[in-house]
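Counting from 1, the numbers follow the sequence of the chain as shown.
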Amino acid sequence: MTTGRRVLIGAVAGIALVLLVGRWSASLYTDYLWYVSLGAREVWRAKVTTIATMAIASFTVAFVFALVNLYAVRQSVLSLVVQRRIANIEIPEEVQGRYLNASAFGMSALVAGLLTFPASQWHTALLAMTGRPFAESVPYVPADLGFFVYWLPFERAVHFWAIVVLVVVTVLVITLYALTPSLRWDRGSLFVSAYVRRHFTMLGGVLLLILAWSYRLGMYELLSAGSGNGGLFSFIDDHVVLPGMLLLSIVTLGAAVVVAWAGWSGQIRLAFIAVSTVLILSLISRTVAPLVVRRSVSAADQRTAELGYMGTRLAYTRRAYGVDRMRAESLGTGFASPSEAAARLAIWDTPTLTLATERMRRGRVVGDGAHWQATSSGLAALLVEHGNEGTPDGRDVWGVD
């Protein structure tokens, strides 16, 4: 490459870098001015700090993981010969090892830069770092409620990011090996060298680590997405699926270590046995065991057991929406004006009251779309909850504490 061409390429790269940095700086400053105008300078500072921390941490992890794998691919290449053409003569030239190492380093940096943790998840990361425990445990798992509110959403996002990094790096490794004689289609069959098999087995161990992580997350997600009607956490989930997923996470974690060691030492058969064990246990704990328990317990006993889980879910739902803070009042009690009512009610009150009044075929719209009963003392909300109890026509009127 001539000196003039190198200068031209360097100039183009420099201009592109200046334009990118300038655009990023302008966007950052505009964002700062917007937060300052709202009196939220500290929020902007926390946002920028969190994004920078996530970017540095995710870039470092992705870079190290990609570099380890790409350097392993580079080690499989003993020499790389390219054809240089001078006039009408082609001269083979071996690429120096330092250029191959630099290529692995550059590709790793590029992959890490493209796979940094999304900046849009900054609020999730910030809540995970600053969230405080609720000092109240969940009935079925030893975890504080704050864990589900602050940490679990962030851990889900990190888990998905880890899957993306593993998939991208694995595809890149397979592509690069396909360019070498170590992985090729030979005489109607796929030839894979022993070195490549060991490398793929190590990647399989990493995959099992992420699978064990997914089983752990599945334990907590089962509480809100169970096998009962409407995602209800059921008797089977509590006594079969939840312990099974805990066992699976531990066994899969051990299998990941075994597979990684087997790949390093070249014992592919041991890795195959470990993976097969995980698959069989997964089938038993997720399909066979729940089916056996359902067949062994009578339908009446299952319905009786489900009542407790349904009551727990309803109790937490009432607390989440503040229903426990509401109390039944007499017909003449209510709010003095729509503005007073709007300041003390949640946004979900409107559809609830609308449904209630549609069922009762009475009431009228007052204020911002809410259905109320106009009384001499003010406004009273109409809700149906106790059937034929309460007022003579089956209505209960609610206020807010």
Under the rule for ring pair (Phe, Tyr, Trp, His ring centres under 6.0 Å), what residues qualify as partners of [X], not counting sequence neighbours?
{"X": "F235", "value": "H239"}
{"X": "F105", "value": "F63"}
{"X": "Y32", "value": "W44"}
{"X": "W122", "value": "none"}

- Message: Checking L222 now: which residues fulfil side-chain contact (heavy atoms from CB on, under 4.5 Å) with it, not counting sequence neighbours?
- Response: F233, D237, V241, L242
- Got a sec, which residues hit side-chain contact (heavy atoms from CB on, under 4.5 Å) with V18, two or more places apart in sequence or on another chain? none
- Answer yes or no: is there a donor N or O on one side and an acceptor on the other, between the side chain of D144 and the main chain of E136, under 3.5 Å?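 Between the backbone of E136 and the side chain of D144 there is a qualifying donor-acceptor contact (under 3.5 Å).
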- Item | Side chain S37, main chain W34, donor-acceptor under 3.5 Å |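 Such a contact is found between S37 side chain and W34 backbone.
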- Audit row: Y316, L145, side-chain contact (heavy atoms from CB on, under 4.5 Å) steps and yes/no: CA-CA 11 Å; Y316 276 98; L145 285 175; 4.2 Å; yes
- Task: Test side chain to side chain donor-acceptor pair (under 3.5 Å) on Y215 and S282 and set out the steps.
- Result: CA-CA 10 Å; Y215 285 138; S282 178; 3.3 Å; yes
- How about Q121 and W161: does a side-chain donor come under 3.5 Å of a side-chain acceptor? no
- Message: For a side chain to side chain donor-acceptor pair (under 3.5 Å) check, start with the C-alpha distance between S227 and S234, then their side-chain angles and the critical distance, and finish with the verdict.
- Response: CA-CA 6 Å; S227 60; S234 64; 3.1 Å; yes
- Checking side chain to side chain contact (heavy atoms under 4.5 Å, CB included) against L166, which of N69, V206, L209 comes through? V206
- Between P290 and I284, what is the shortest heavy-atom contact and its length?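 Smallest heavy-atom distance, with atoms named: CD-O, 4.0 Å.
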